[in-house]
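Take a look at the structure set out below.
What you see is a predicted model; the values in this text were computed from it and never measured. The figures that follow rest on heavy atoms only: side chains count, while hydrogens, waters and symmetry mates do not.
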Amino acid sequence: MKEPVQGIQTDVCQIWGAGQYYGQESAFPDAAMVIAADGGADEAAAKGVVPDLVVGDFDSIAAAHRPTPTDPDQGDDINATPLDPPSSPSRQSSAATRYRRLPAEKDDTDMLAAVKLGWEAGCRIFQIYGGLGKRMDHTLANLNLISMVAASGGRACLYGDRMIVTAIGRGSLSFAPWHCGDRAMVSVLSATDRSEGITERGLKYQVEGMTMTNLEVTGVSNEFLPGTPARIGLDRGIIYITYPDTAPTPDWRTDMVPAPSLGIVGTNPSRWLA
């Protein structure tokens with residue numbers, strides 16, 4: 001699946017994580033790439049989704065979905081054979097799920113490894129299930145993760161209980177008019193120490209050129225207005241935006257040039273081990 005960004009079509013990667021699921025999750029039929037992060041493979045299988053790749057240390061995945069010695073790319077060197085890009089004929093001609101095993105005592109989370117691999121394959125937008133809930137430490141890590149994606153010129157969304165959390169850098173999200181009903185909440189918070197030039201238009205509370213820090217909560221609980229287009233943007237920094245999953249898919253605009261890489265996936269045990 002491709003999503004327009006500043007007039008350019010960019011590939012979307014769907015990721016199934018091992019966090020909380022809320023019953024609204026479904027496959028994106030036109031996703032350019034589908035990756036399961038460890039136990040997320042179980043949730044994907046329950047929805048009839050066959051991932052292109054399963055990555056992780058396989059500590060939370062059911063035995064039925066773990067790799068066998070005959071599964072492709074089951075070796076430890078995750079960076080030796082990069083994933084084919086979404087448009088590659090070799091990728092499209094093979095329906096076999098690949099597996100990439102990571103060490104258990106590592107620095108990257110399985111979710112970060114999944115995002116790095118999707119980025120290396122050319123995706124710049126990530127739709128992530130199972131990235132919230134269950135373990136609070138993983139929820140916080142995934143908020144850092146989507147902030148990192150925003151800082152790198154991409155956009156990632158975490159899907160929760162009838163709501164979506166995303167992060168954007170310099171640019172904007174615009175929502176078409178919709179029948180939102182009463183108290184359709186949208187919140188904006190600074191992910192960085194300081195975010196400047198924040199605008200919120202077409203909402204119950206409207207601001208122009210606002211500065212926020214990550215030590216304040218001023219932007220919580222704004223509201224969409226029925227039948228009114230809305231735009232949220234900023235000039236500098238990174239902001240989190242939460243909005244209902246029933247809202248129309250927003251138009252993301254940015255002039256940031258995406259980073260060529262998010263870094264290699266760590267395949268060695270953590271260097272901080274005692």
Side-chain angles (χ1 to χ4, degrees), residues 1-17 27-37 40 49 51-53 55 78-79 82-92 98 100 108-131 141-159 164-175 191-192 195 231-243 245 247-265:
M1 180 168 61
K2 291 183 179 289
E3 183 171 315
V5 182
Q6 204 79 6
I8 299 173
Q9 300 291 314
T10 186
D11 287 307
V12 177
C13 177
Q14 182 188 36
I15 297 179
W16 294 72
F28 294 103
D30 298 324
M33 179 166 288
V34 179
I35 301 176
V49 175
D52 298 295
L53 171 72
V55 62
I78 198 168
N79 301 291
L83 285 178
D84 296 318
S87 58
S88 168
S90 63
R91 176 183 175 274
Q92 294 173 347
R98 294 182 177 184
R100 302 290 180 88
D108 285 357
T109 62
D110 295 332
M111 183 70 79
L112 176 55
V115 171
K116 284 183 175 181
L117 289 167
W119 192 279
E120 290 299 320
C123 297
R124 297 294 179 264
I125 295 179
F126 298 84
Q127 297 176 325
I128 302 172
Y129 288 148
N142 289 332
L143 290 172
N144 279 357
L145 186 158
I146 66 172
S147 180
M148 180 192 73
V149 170
S152 302
R155 187 165 77 91
C157 298
L158 298 168
Y159 285 71
I164 296 171
V165 186
T166 192
I168 62 170
R170 184 179 66 246
S172 64
L173 283 187
S174 295
F175 296 84
T192 44
S195 295
R231 180 185 182 276
I232 299 167
L234 76 161
D235 296 332
R236 187 177 296 107
I238 298 169
I239 54 175
Y240 295 122
I241 304 172
T242 69
Y243 56 93
D245 63 2
T249 300
D251 177 38
W252 173 43
R253 299 278 169 168
T254 183
D255 61 1
M256 296 177 64
V257 177
S261 173
L262 298 183
I264 65 171
V265 177

Residue pair Ala167 / Ile238: nearest heavy atoms and the distance that separates them: CB-CG2, 4.2 Å
Pairing residues for Ala114 by the side chain to side chain contact (heavy atoms under 4.5 Å, CB included) criterion, not counting sequence neighbours: Ile15, Ile35, Ala37, Val55
Leu145 vs Leu158 side-chain heavy atoms within contact, under 4.5 Å: no
Short side-chain donor-acceptor distance under 3.5 Å, Ser174 and Arg253: no
Set of residues satisfying ring-ring contact (aromatic ring centres under 6.0 Å, His included) with respect to Tyr159, sequence neighbours excluded: Tyr129
Sole candidate of Leu173, Thr254, Val12 that passes side chain to side chain contact (heavy atoms under 4.5 Å, CB included) when paired with Arg155: Leu173
Sole residue of Ile164, Ile232, Val165 in side chain to side chain contact (heavy atoms under 4.5 Å, CB included) with Ile241: Ile232
Minimum-distance pair of heavy atoms, taken over all atoms of Leu262 and Ser152: CD2-OG, 3.3 Å
Minimum-distance pair of heavy atoms, taken over all atoms of Cys13 and Gly118: SG-CA, 4.4 Å
Flag side-chain contact, heavy atom, 4.5 Å: Asp11 against Met33: no
Nearest-0.5 Å distance that lies between atom CZ in Phe175 and atom CG in Asp251: 10.5 Å
Distance-minimising heavy-atom pair for Arg124 and Gly122: NH1-C, 3.5 Å
Tyr240 side chain reached by Ser147 side chain, heavy atoms, under 4.5 Å: yes
With Phe126 via ring-ring contact (aromatic ring centres under 6.0 Å, His included) - residues at least two apart: none
